[in-house]
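Here's the structure, in structure tokens; my notes come after.
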Protein chains: 2
Amino acid sequence: MDKSICPRFEKAITILSQRWTGLIIYQLLSGPQRFGTIESAIGVSGRVLSERLKDLENEGIVKREVFPETPVRIEYSLTEKGVSFEPLMKEIEKWSQHWLEPEEIQ
Amino acid sequence: MDKSICPRFEKAITILSQRWTGLIIYQLLSGPQRFGTIESAIGVSGRVLSERLKDLENEGIVKREVFPETPVRIEYSLTEKGVSFEPLMKEIEKWSQHWLEPEEIQ
DNA sequence: TATAATAACTTACATAAAGTAAGTAACTAA
DNA sequence: TTAGTTACTTACTTTATGTAAGTTATTATA
């Protein structure tokens, strides 16, 4: 190995390269959401979603808030650091609209 | 499932969420490179690199060129579609420099 | 009082993806 | 004839993810 890649860049792309992470952040950009909503919106399994949300919380990207109602309501939302992914997501959107044809997907 | 996410966006983020894909594209942005160079630059295993390069060729993102020297030289480079990832990579770089501290990385 | 419902997980197990290291092909140099 | 070089491929192991059932906590319903 001979890695000359900036470690900060590498860390960032490692976060985004984790399966589901990008979609979770993208989904939360539309506002705070519950576990089950994210799960069905992006089609991730509960097992992995649970794992990812913990990781993202540890990274300071996602915030978890408990509302002691019945049944309990838990909302996930983006921190400032999480919201800062917006320009990047816009770039992905822009790229996809320019370079991907609807018919050639899948 | 209830997916209301734009399929083009989803496809784009699926490409980027594949482990190593982003780093391979980033690495090739600095110019055409050989298999072994990419392998050691980003630290991916040959087995997976081989797989990813084929995928990226099929997506029209990477181009493979054979030079019949001895030993044979094969160069991988980005197509126009591949180069178009540059602004996106710049955004990742920008984000990482703003939001990641060097000391907190691994 | 017992049962059911709901949300957010967690656990156990199965399948898929990625890592490791040895092997192959094609060619030249020693 | 043997060794070296590059770009892979193959067989096998380890890790990640998917699936589906189970758990916890709380209230509503029969």
Side-chain angles (χ1 to χ4, degrees), chain A residues 1-3 5 10-11 13-28 31-59 61-78 106, chain B residues 1-3 5 10-11 13-28 31-59 61-78 106:
Chain A
M1 283 195 248
D2 188 26
K3 301 201 211 169
I5 293 174
E10 205 179 344
K11 163 94 180 194
I13 213 160
T14 297
I15 293 172
L16 290 170
S17 292
Q18 279 254 63
R19 190 136 59 175
W20 299 114
T21 303
L23 272 176
I24 293 168
I25 293 171
Y26 178 77
Q27 182 67 22
L28 287 177
Q33 279 163 70
R34 311 176 67 162
F35 191 94
T37 308
I38 304 172
E39 194 178 2
S40 56
I42 67 177
V44 64
S45 73
R47 194 198 139 292
V48 173
L49 179 57
S50 169
E51 199 175 298
R52 287 294 180 280
L53 287 171
K54 270 178 207 155
D55 294 346
L56 289 170
E57 226 190 315
N58 289 334
E59 297 283 356
I61 291 169
V62 161
K63 190 173 50 192
R64 180 183 193 268
E65 214 170 344
V66 180
F67 299 86
E69 304 170 355
T70 292
V72 67
R73 179 165 56 100
I74 293 169
E75 277 193 354
Y76 293 92
S77 57
L78 294 176
Q106 308 305 350
Chain B
M1 284 197 247
D2 188 24
K3 303 201 212 172
I5 292 174
E10 205 180 344
K11 163 97 182 195
I13 213 159
T14 297
I15 293 172
L16 290 170
S17 292
Q18 278 255 63
R19 190 137 61 175
W20 301 112
T21 303
L23 271 177
I24 293 169
I25 293 171
Y26 178 78
Q27 181 67 21
L28 287 178
Q33 278 163 70
R34 309 175 68 162
F35 191 94
T37 308
I38 304 171
E39 193 177 3
S40 55
I42 67 177
V44 65
S45 73
R47 194 199 139 292
V48 172
L49 179 56
S50 169
E51 198 175 298
R52 286 295 179 280
L53 287 171
K54 269 178 206 156
D55 294 347
L56 289 170
E57 226 191 313
N58 289 334
E59 296 284 355
I61 291 169
V62 161
K63 189 174 49 193
R64 182 183 192 266
E65 213 170 344
V66 180
F67 299 87
E69 305 170 357
T70 294
V72 67
R73 180 165 56 100
I74 292 168
E75 278 193 355
Y76 293 93
S77 58
L78 295 176
Q106 300 313 342

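Lettering of chains follows the sequences in order, A, B, ..., and the numbering in each one begins at 1. It should be emphasised that the depicted structure is a prediction, and the values quoted were computed from it without experimental measurement.
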**OP:** Mind checking the CZ-CD1 spacing from B:Arg52 to B:Ile38? Nearest 0.5 Å is all I need.
**Re:** 13.0 Å

Subject >> Value rounded to 0.5 Å, distance of OG1 in A:Thr21 from CD in A:Glu59 >> reply: 9.0 Å

Original post:
Any donor and acceptor pair, going by atom type alone, linking the side chain of B:Ser50 with main-chain N or O of B:Gly46 inside 3.5 Å?
Top reply: no

Original post:
Is A:Gln27 reaching over with its side chain to a backbone N or O of A:Ala41, donor-acceptor style, under 3.5 angstrom?
Top reply: no

Atom-pair distance ([atom1] on [X]; [atom2] on [N]), nearest Å:
X	N	atom1	atom2	answer
A:Arg64	C:dA8	CZ	C1'	8 Å
A:Arg34	C:dC9	CZ	P	10 Å
B:Leu49	C:dA17	CG	C1'	16 Å
B:Glu39	D:dT6	CD	P	12 Å
B:Trp20	C:dA17	CH2	C1'	13 Å

Original post:
Can you tell me if the side-chain N/O atoms of A:Tyr76 get under 4.0 Å from OP1 or OP2 in C:dC9?
Top reply: yes

**OP:** Taking ring-ring contact (aromatic ring centres under 6.0 Å, His included) as the test, write out the residues that go with B:Tyr26, two or more places apart.
**Re:** A:Phe9

Subject >> For A:Phe35, ring-ring contact (aromatic ring centres under 6.0 Å, His included) partners two or more places apart >> reply: none

**OP:** Check each residue of residues 65-72 of chain A for a non-hydrogen atom within less than 4.0 Å of any atom in DNA chain D, then write out the ones that pass by number, or none.
**Re:** A:Thr70

Side-chain heavy atoms of [X] within contact of [Y], under 4.5 Å:
X	Y	answer
A:Leu23	A:Val44	no
B:Arg19	B:Val48	no
A:Leu53	A:Ile24	yes

**OP:** Would you mind telling me which residue lines up with the more 5' stretch of DNA chain C, A:Arg73 or B:Val48, judged by nearest nucleotide?
**Re:** A:Arg73

Original post:
Listed by chain and number, what are the side chain to side chain donor-acceptor pair (under 3.5 Å) partners of B:Glu57, not counting sequence neighbours?
Top reply: none

Subject >> Nucleotide-resolved protein contact map, nucleotides 9-16 of chain D, B/S/- at heavy-atom distance under 4.0 Å >> reply: SBB----S

Original post:
Would you call A:Glu75 and A:Arg73 a salt bridge, taking side-chain N to carboxylate O under 4.0 Å as the test?
Top reply: yes

**OP:** Please round to 10 degrees the angle between the axis of the first five pairs and the axis of the last five pairs in the helix from C:dT1-D:dA30 to C:dA30-D:dT1.
**Re:** 30°

